[in-house]
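Below is one structure, written out as structure tokens; the observations come after it.
Computed from a prediction, not measured in an experiment: that's the story for all the values here.
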Amino acid sequence: MSAEVALVYRVLPESVEVDIEKLKTSVINKLSPKYKVDRVEVEEIGFGIKALRFFIRMPESDEYSSDEVEELLRSVEGVGGYELEYFSRLSF
């Protein structure tokens, strides 16, 4: 059985006017079905600004990469920035 890789990305909207629920759905739709989004958390930053934290799993394979995930995140309208907070190999 091949291993998987876990990624956690914190995604910021480009402005406070961005609907955070629509942004969440747009990111999930962009990543799926190739990448599995296990969970999404909403983080209150302050002054009405919220961030999204995506918990993503992908097979450990040359066909999958964090570079591609980041390219997909950049392509979503409303994403102002992102950072990779966690990256780890999962094995069972």
Practice prompt. Please indicate whether Lys22 has more than 12 foreign heavy atoms, meaning atoms of other residues, nucleotides or ligands, lying under 6.0 Å from its NZ.
Written response: no

Worksheet, complete the sentence: Closest heavy-atom pair, Lys34 versus Glu68, reported as atoms and distance to 0.1 Å, is NZ-OE1, 2.9 Å

Item to complete: Please answer: with hydrophobic residues joined when any side-chain heavy atoms are less than 4.5 Å apart, are Val16 and Val27 in the same cluster?
Response: no

Discussion item. For a quick test of reading the model, state the closest non-hydrogen atom pair linking Met58 to Ser66 and the distance between them.
Written reply: CE-N, 4.0 Å

Item to complete: To the nearest 0.5 Å, tell me how far Glu85 CD sits from Phe54 CZ.
Response: 12.0 Å

Worksheet entry | Pairwise side-chain contact, Ile56 with Val8, heavy-atom cut-off 4.5 Å (strictly under) | no

Fill in: Side chain Tyr35, main chain Ser65, donor-acceptor under 3.5 Å
yes

Worksheet item: Same cluster or not: are Val42 and Val37 linked, directly or through other Ile, Leu, Val, Met, Phe, Trp or Tyr residues, by side-chain heavy atoms under 4.5 angstrom apart?
Response: yes

Fill in: Considering all heavy atoms, the nearest Tyr86-Leu84 contact
O-CD1, 3.3 Å

Discussion item. Check for me, please, whether Tyr82 and Val5 land in the same ILVMFWY cluster - side-chain distances under 4.5 Å, paths through other members count.
Written reply: yes

Worksheet item: Do Glu4 and Lys36 meet the salt-bridge criterion of a basic N to acidic O distance under 4.0 Å?
Response: no

Response to the item:
Smallest heavy-atom separation, Gly78 atom then Leu23 atom, equals C-CD1, 3.8 Å

Item to complete: State yes or no: do Ile49 and Val18 share one hydrophobic cluster built from I, L, V, M, F, W and Y residues joined by side-chain heavy-atom distances below 4.5 Å, directly or via other members?
Response: no

Worksheet item: Could you give the distance from CD (Glu83) to CG (Leu73), rounded to the nearest 0.5 Å?
Response: 12.0 Å

Item to complete: Name all residues meeting the side-chain hydrogen bond (donor to acceptor under 3.5 Å, both in side chains) criterion together with Ser32; count only those two or more places apart in sequence or in a different chain, and write none if there are none.
Response: none

Worksheet item: When rounded to the nearest 0.5 angstrom, what distance separates NZ in Lys50 from CD1 in Ile20?
Response: 7.0 Å

Worksheet item: Between Phe87 and Leu31, is there a shared hydrophobic cluster once you connect ILVMFWY residues whose side-chain heavy atoms come closer than 4.5 Å?
Response: yes

Practice prompt. Side-chain contact test, heavy atoms from C-beta onward, threshold under 4.5 Å: evaluate it for Val79 versus Glu14 and give yes or no.
Written response: no

Discussion item. For Val40 versus Lys24, what's the shortest heavy-atom pair and its separation?
Written reply: CG1-CD, 3.5 Å

Worksheet entry | Worked check of salt bridge (charged side-chain N to carboxylate O under 4.0 Å, His left out) between Arg53 and Glu43 | CA-CA 7 Å; Arg53 186 167 284 113; Glu43 175 189 1; 3.1 Å; yes

Item to complete: Show your reasoning for whether side-chain contact (heavy atoms from CB on, under 4.5 Å) applies to Ser26 and Glu77.
Response: CA-CA 8 Å; Ser26 295; Glu77 187 176 336; over 6 Å; no

